[in-house]
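We name chains A, B, ... by the order of the sequence lines, and we start the count at 1 in each one.
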Amino acid sequence: MINELKQKLLANFNDVQVNIPEDNRMTVNTKKESLLSLVSYLKNMGYNHFAMLSCVDWIDDKEFELIYIISAYPQDDEHYQDKEKKNILLKTRISRVKAKFITIISIFENAEPYEREIHEMFGIHFEGHPRLTPLMLERDYKIPPFRKDFDTNKYVENTFGKVPSIKERKEGKK
Amino acid sequence: MDRNQIGKWLKNPGKMANKYSFHVVYFCTGCGIIEVPPSITTRWDAERFGIIPVATPRQANLFLITGYVSTKTLAAIIRTYEQMPEPKYTVAFGSCPINGGMYYDSYNTITSLDKYIPVDGYIAGCMPRPEAIFIGVTHLWKLIDMDKADGYKRYREDYVHYRANQEQILGELDWPPLFSKENL
């Protein structure tokens, strides 16, 4: 069945590369322009569960890779097996400089918190998102903390390392 | 009751009663809280040591910091600690509250807890087993006997410095100082 889907995708879309590394998993590399239509096409095909959105920072290529994991559940609940659960990994790359992409909330509503998290941790702006406010972090970071050029050791040294111990405070150190 | 301790009981009954009835705040930080349910229930039964978890910090006198402390949790820890009545004792679990442990380079985890609140003792291990918790508690008994578990006194004395450290990390705190100059 997953091979049928591969043929359909190749017939309908020009710029997709489809791999099937395992029986129940398929990776689709696509350009950023056709991602939205691909997502809605897959939803109409019955892949109606948006599992998660992930992001990879390829700093040498100066690109972010967004990974949308979409899966389908078998219709027959009684004979459910884990093998039958099919996962589709949609991968697309966007530029790292002034990174922005379009939201998929109009197709999958539960993408909202995932996009908010990616916005907070990687600094990608999702156009059309209703509220890109901080989700988990409390402090301000000059560089979003999950980017590769965020130097954690240096950051810890400059913030938590600079807090003096109580003994040092008593002696008058700052 | 141990007969050898009758002298101690007569000499300082308040301290002894306090020592044998630790009421623990039910406060979960990090991964170590998973060790607390088995130690308070039938398998290890912490109540034979007089340890019992209570619902609110206002009834408690022992604070177990059970793992790494993020900055968001630090604010909650300070608020909880300040609500506890004196005398109060703090015990931190594992390596993370000492120097950050495996989160030494995390962007959001503080590296040493005793810069922000006083800590009376540490239990080593990642995470310590319930037996280690009991050994830690018996060590705390000894410290109380020798009057060395004086974290709450240090907090009172050096409150200005502790508050300054807390504000350096958390920004302006949205609660008033616990001790002002008049009630010190």
**Message:** Membership question, hydrophobic clusters at under 4.5 Å side-chain separation (ILVMFWY): are Tyr68(A) and Leu5(A) in the same one?
**Reply:** yes
**Message:** Less than 4.5 Å to any heavy atom of chain A: does that hold for the side chain of Tyr104(B), its backbone, both, or neither?
**Reply:** both
**chain A contact via Thr109(B) - which portion, at a heavy-atom distance below 4.5 Å** = backbone
**Message:** Do Ile107(A) and Ile124(A) land in one hydrophobic cluster if side-chain heavy atoms of ILVMFWY residues count as linked below 4.5 Å?
**Reply:** yes
**Portion of Ser106(B) that has a non-hydrogen atom of chain A nearer than 4.5 angstrom** = backbone
**Prompt:** Can you tell which of Thr152(A), Asn153(A), Ile166(A), Thr159(A) has the highest number of heavy-atom pairs within less than 4.5 Å of chain B?
**Reply:** Ile166(A)
**Request:** Would you sort out whether Thr71(B) and Phe160(A) count as a side chain to side chain contact (heavy atoms under 4.5 Å, CB included), showing the intermediate values?
**Result:** CA-CA 10 Å; Thr71(B) 47; Phe160(A) 306 120; 3.8 Å; yes
**Request:** Would you check if the side chain of Tyr141(A) reaches a backbone N or O of Tyr107(B) as a donor-acceptor pair within less than 3.5 Å?
**Result:** yes
**Cluster overlap Leu53(A) with Tyr41(A), hydrophobic side-chain contacts below 4.5 Å** = yes
**Asked** Do any N or O atoms from the side chain of Asp105(B) and from the backbone of Val156(A) form a donor-acceptor pair under 3.5 angstrom?
**Response** no
**Message:** Around atom CD1 of Ile34(B), are there more than 12 heavy atoms from other residues, nucleotides or ligands closer than 6.0 Å?
**Reply:** no
**Message:** Using only atom types and a distance under 3.5 Å, with no angle test, would you say the side chain of Lys115(B) pairs donor to acceptor with the backbone of Pro164(A)?
**Reply:** no
**Item:** Straight-line distance of Lys167(A) NZ to Asp114(B) CG, nearest 0.5 Å
**Value:** 12.0 Å
**Item:** Heavy atoms from other residues, nucleotides or ligands near CE of Met45(A) exceed 12 (cutoff 6.0 Å)
**Value:** yes
**Side chain to side chain, Asn108(B) and Glu138(A), heavy atoms closer than 4.5 Å** = no
**CD (Glu109(A)) with more than 12 external heavy atoms under 6.0 Å** = no
**Prompt:** If you round to the nearest 0.5 Å, how far is CD of Glu157(B) from NZ of Lys170(A)?
**Reply:** 6.0 Å
**Prompt:** More than 12 non-hydrogen atoms from neighbouring residues, nucleotides or ligands closer than 6.0 Å to CZ on Arg48(B), yes or no?
**Reply:** yes
**Request:** Go through the atoms of Asn165(B) and report whether side chain, backbone, both or neither lie under 4.5 Å from a heavy atom of chain A.
**Result:** both
**Asked** If you count the non-hydrogen atoms of other residues, nucleotides and ligands that lie under 6.0 Å from CD in Glu131(B), is the total more than 12?
**Response** yes
**Message:** If you count heavy atoms of other groups shown closer than 6.0 angstrom to CZ of Arg147(A), is the number above 12?
**Reply:** yes
**Prompt:** Roughly how far, to the nearest 0.5 Å, is the CD atom of Gln168(B) from the CZ atom of Arg169(A)?
**Reply:** 5.5 Å
**Fill in**
Nearest heavy-atom approach of Lys72(B) to Met136(A) is NZ-O, 3.3 Å
Would you mind writing out the side-chain donor-acceptor pairs for residues 133-145 of chain B within the sub-3.5 Å range, not counting sequence neighbours?
unit_1	atom_1	unit_2	atom_2	d
Thr138(B)	OG1	Phe134(B)	O	3.2
Thr138(B)	OG1	Ile135(B)	O	2.6
Trp141(B)	NE1	Lys19(B)	O	3.2
Asp145(B)	OD1	Lys19(B)	NZ	3.0
Asp145(B)	OD2	Lys8(B)	NZ	3.1
Asp145(B)	OD2	Lys19(B)	NZ	2.9

**Message:** Tell me the closest heavy-atom pair linking Arg139(A) and Ile169(B), and the distance in Å.
**Reply:** NH2-O, 3.0 Å
